[in-house]
Amino acid sequence: MPEPSHPSTTGPNAPATGPKGSGAALEKARRDKLDALKSLGIDPWGGRFDGATAIADVRSRGMEIEKTADDGPTVRVAGRIMLLRSAGSLVFIELADRTGRIQLMLGKKQVGPEAWKLVDCLDLGDLVGVDGRLGWSKTGEMTVFAASLTFLTKSLETPPDKFHGLVDPDLKQRMRYLDLIHGEGVRERFIARSRIVEAVRRVLAARGYLEVEGPTLQESAGGAAARPFMTHHNALDMPLVLRIALELHLKRLLVGGLERVFELGRVYRNEGVSPRHNPEFTMLEAYEAYGDYSSMMDLTEAILVEAAAAAGAPARFEFLGHQVDLTPPFRRAKYDDLLREVAGCDPADAASVAAAAARHGLETAGRHPDVVKSELFEATVEKTLSGPVFVIDYPAAVCPLTKRKADAPHVAERFELYVAGMELANAYTELNDPDLQEELFRTQLAGLDAEESMARMDTDFIRALRHGMPPAGGLGIGIDRLVMFLTAAPSIRDVILFPIHRPHT
RNA sequence: GAGGCUGUAGCUCAGUCGGUAGAGCAUCGGACUUUUAAUCCGUUGGUCCUGGGUUCGAGUCCCAGCAGCCUCACCA
């Protein structure tokens with residue numbers, strides 16, 4: 001038997017975290033048990049283990065067993081050791097798998113002296129499989145009385161505090177695997193995210209939408225107002241940007257006759273980080289030929305209701321201090337009406353809007369009236385919108401991709417859906433007039449930098465429109481924010497498995 | 001980018017007025033065949049985020065930096 005190797009703390013083969021402080025002693029204890037396992041002829045890294053039943057299913061079966069019965073069925077479970085308590089030659093283990101937890105009991109007499117040597121090698125965090133009788137302990141805890149134990153994987157690291165779990169938000173995000181194991185409700189939240197995304201796809205598929213994938217590497221970033229991440233393709237020796245929206249390529253597919261398309265994908269915006277912003281996030285965009293923004297409201301309601309059900313969210317709940325009720329139809333409120341009520345100005349009168357904006361400390365000089373109006377709306381109205389509410393009919397100048405109302409060309413057929421003061425969805429009756437689109441791409445609004453403008457010329461897109469894009473409704477939903485909302489998570493980092501971080505020093 | 005708060009053992013946290021670095025869990029040793037964050041006795045474990053400064057003396061006070069959280073700005 002070779003001496004246990006003492007790994008160097010430097011060089012290419014250094015361990016991921018060099019032993020330091022009490023961590024070194026903690027790791028040594030585990031490595032000693034690893035060696036003990038090997039000397040018992042047991043592979044500490046395990047292998048295929050067939051036929052285990054999900055713990056949640058085992059628990060359902062257990063509920064049907066009499067508390068005093070000693071003839072329960074034999075079951076096989078596998079999972080991670082979360083709690084380990086020894087009472088002499090009797091050991092209780094709380095075992096967790098993806099579905100739940102169950103107590104195991106191992107007795108020295110019951111498993112025999114050979115298997116008992118294995119019990120001495122167990123640590124919190126190890127993965128084991130067990131076969132045993134399902135029943136209830138004397139104190140009334142559902143228990144698998146182990147007949148045999150299969151070692152599946154050694155854990156060399158000490159798990160977080162078994163009572164408090166991992167609470168440092170930095171560690172929770174950087175070591176998400178530990179957060180998933182030990183964090184209260186963390187696994188459930190990410191399962192809910194998956195269910196929500198499934199629900200979104202289900203609603204769209206049921207309505208005949210085709211899921212497609214557009215390019216994430218693009219020559220220019222269009223479809224939204226945001227700074228892009230820049231990169232470079234070596235072989236083609238060309239600059240590229242990561243997409244900031246899905247819009248313009250999906251619309252090309254409307255021209256191509258796909259008629260109902262959607263994409264669920266990552267977009268990248270080189271902007272600030274906040275509880276509601278992460279540089280990469282997941283967007284849904286859906287486009288329906290021959291629809292308009294009203295048809296997108298129906299679709300939005302259907303998606304939210306289905307997603308809420310999938311996430312197990314009740315119809316009414318509180319989120320970020322706002323009471324929300326997801327029973328359709330959601331309220332519809334005109335942009336100008338809200339501005340009049342909340343900001344106390346006459347939305348039709350640019351001077352009145354500018355005066356109100358000035359009262360809120362907003363810059364007005366040299367800025368397009370619709371830009372001022374838009375900033376006033378954000379400064380005053382947004383945070384008051386508990387929602388869900390469809391804010392409809394936006395000032396046209398700040399909507400360069402949206403069709404104008406036929407009888408009111410200064411109004412764009414756009415809505416944004418707000419919940420808890422947060423923008424959750426954004427939809428248009430899509431502009432399909434190539435000449436107007438080209439003109440709007442050329443129009444840089446006074447008071448807006450080029451990089452904060454949606455007006456970014458895309459001649460290939462204009463050419464597509466010139467071939468004829470059907471009149472259409474289009475919808476965008478921020479999936480991360482939707483998940484935040486439906487799981488009552490206060491930060492977007494709670495619903496992104498691996499949010500952005502600076503490197504740790 | 002600005003401000004506020006935070007950073008102490010593997011994890012969760014105390015640390016008073018500037019005067020020898022603390023607890024619980026985890027670890028290790030011991031007792032225990034019905035525990036439930038098991039309990040009990042004992043034990044090990046520290047770059048007090050980093051670097052300066054003030055001081056006889058700094059986890060504590062000051063400065064700079066790093067990281068996190070929050071607020072604001074940005075995100076029309």
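Excluded from the calculations below are hydrogen atoms, water molecules and symmetry mates; all remaining heavy atoms, backbone and side chain alike, are included. Sequence lines set the chain letters: A, B, ... in the order given, protein chains first and strands last, and positions in each chain run from 1.
If you check every strand for non-hydrogen atoms under 4.0 Å, A:Ser274 touches nothing. Counting any heavy atom pair closer than 4.0 Å across all strands shown, A:Arg502 reaches sugar-phosphate atoms only and no base atom. Nucleic acid contact for A:His501: sugar-phosphate only, since backbone atoms but no base atoms lie under 4.0 Å from a heavy atom of the residue. Residue contacts for A:Ser137: at a heavy-atom cut-off of 4.0 Å it reaches a base atom on one of the strands shown. Backbone-only engagement by A:Gln173 is indicated by non-hydrogen atom pairs under 4.0 Å involving sugar-phosphate atoms exclusively. Residue contacts shown for A:Arg101 are absent, as no nucleic acid heavy atom lies under 4.0 Å away. Among the protein residues, A:Gly107 comes within range of no part of the nucleic acid, since none of its heavy atoms lies under 4.0 Å from any strand. Here A:Gln110 lies in heavy-atom contact (under 4.0 Å) with a base.
Interatomic distance, A:Phe415 CZ to A:Tyr428 OH, rounded to the nearest 0.5 Å: 11.0 Å. Atom CD1 of A:Ile93 is separated from atom CD1 of A:Ile102 by 12.5 Å, given to the nearest 0.5 angstrom.
One N or O donor and one acceptor, one from the side chain of A:Asp161 and one from the base of B:rG24, sit under 3.5 Å apart.
Under the 4.0 Å criterion applied to side-chain N and carboxylate O atoms, A:Arg133 and A:Asp70 are not assigned as salt-bridge partners. Using a 4.0 Å cut-off between charged nitrogen and carboxylate oxygen, A:Glu263 and A:Arg243 count as a salt-bridge pair. A salt bridge between A:Arg340 and A:Asp336 is absent, with no side-chain N of the basic residue lying under 4.0 Å from a carboxylate O of the acidic one. Using a cutoff of 4.0 Å between basic side-chain nitrogens and carboxylate oxygens, A:Arg266 and A:Glu280 are scored as salt-bridged.
Atom CD in A:Glu27 sits about 14 Å away from atom P in B:rC11, given to the nearest Å. For A:Asp170 and B:rA67, the CG to P distance is 11 Å, given to the nearest whole Å. The distance between atom CZ of A:Phe163 and atom C1' of B:rU39, rounded to the nearest whole Å, is 16 Å. In this structure, NE2 of A:His360 is placed 18 Å from C1' of B:rA76, rounded to the nearest angstrom. Across the protein-nucleic acid pair, A:Asp494 atom CG and B:rC70 atom C1' stand 14 Å apart, rounded to whole Å. Regarding A:His164, its NE2 atom lies at a distance of 11 Å from the P atom of B:rC25, rounded to whole Å. The separation between A:Arg276 atom CZ and B:rC69 atom P is 16 Å, rounded to whole Å. Summarising the geometry, the separation between CD on A:Glu382 and C1' on B:rC74 is reported as 14 Å, rounded to the nearest angstrom.
Across all strands shown, B:rU33 remains unpaired; no Watson-Crick or G-U wobble contact has both distances below 3.5 Å. Look at B:rC25: its Watson-Crick or wobble partner, with both distances under 3.5 angstrom, is B:rG10. Across all strands shown, B:rU16 forms no Watson-Crick or G-U wobble pair with both key distances under 3.5 Å. Base pairing annotation: B:rG59 forms no Watson-Crick or G-U wobble pair, as no partner gives both donor-acceptor distances under 3.5 Å. Using the Watson-Crick or G-U wobble rule with both distances under 3.5 Å, B:rC69 pairs with B:rG4. With a cut-off of 3.5 Å on both pairing distances, the Watson-Crick or G-U wobble partner of B:rA64 is B:rU50.
To the nearest whole angstrom, the two P atoms, one in B:rU55 and one in B:rU60, are 16 Å apart. Rounded to whole Å, the P atom of B:rU50 lies 35 Å from the corresponding atom of B:rC41. Nucleotides B:rU16 and B:rA21 are separated by 13 Å at their P atoms, to the nearest Å. For B:rU39 and B:rC32, the C1' atoms lie 9 Å apart once the distance is rounded to whole Å. Spacing between B:rG51 and B:rU12 at atom P, rounded to whole Å, works out to 23 Å. On the P atoms, B:rU44 is 27 Å away from B:rA58, given to the nearest whole Å. For the C1' atom pair drawn from B:rG46 and B:rG7, the interatomic distance equals 15 Å after rounding to whole Å. Remark: the separation of the C1' atoms in B:rA73 and B:rG4 is 15 Å, to the nearest Å.
Relative to the side chain of A:Ser89, the nucleotides B:rA76, B:rU33, B:rU34 differ in distance, and B:rU33 lies closest. Of the candidate nucleotides B:rC74, B:rU33, B:rA37, B:rU33 has the atom lying nearest to any side-chain atom of A:Lys109. Ranking B:rC25, B:rU12, B:rU34 by closeness to the A:Val167 side chain, first place goes to B:rU12. Counting only heavy atoms from C-beta on, A:Leu166 has its side chain closest to B:rC11 among B:rA26, B:rC11, B:rU33.
In terms of position along RNA chain B, the nucleotide closest to A:Pro159 lies nearer the 5' end than the nucleotide closest to the other residue of the pair A:Arg174 and A:Pro159. Residue order along RNA chain B, read from the 5' end via each residue's closest nucleotide, puts A:Glu141 first among A:Arg493 and A:Glu141.
At B:rC25, none of the side-chain N or O atoms of A:Lys162 fall inside 4.0 Å of OP1 or OP2 (strictly under the cut-off).
Side chains of A:Arg176 and A:Leu180 form a contact here, defined as non-hydrogen atoms less than 4.5 Å apart.
Test A:Asp494, A:Val495, A:Ile492 against A:Val483 for side chain to side chain contact (heavy atoms under 4.5 Å, CB included) and you get one pass: A:Val495.
Surrounding CZ of A:Arg332 are more than 12 heavy atoms belonging to other residues, nucleotides or ligands, all under 6.0 Å away. Atom CD of A:Glu184 is surrounded by 12 or fewer heavy atoms from other residues, nucleotides or ligands within 6.0 Å.
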Could you list the donor-acceptor pairs under 3.5 angstrom formed by side chains in residues 110-120 of chain A, with sequence neighbours left out?
{"residue": "A:Glu114", "atom": "OE2", "partner": "A:Lys117", "partner atom": "NZ", "Å": "3.1"}

So which protein nitrogen or oxygen atoms get under 3.5 Å of nucleotides 28-30 of chain B's nitrogens or oxygens?
{"residue": "B:rC28", "atom": "OP1", "partner": "A:Lys33", "partner atom": "NZ", "Å": "2.8"}

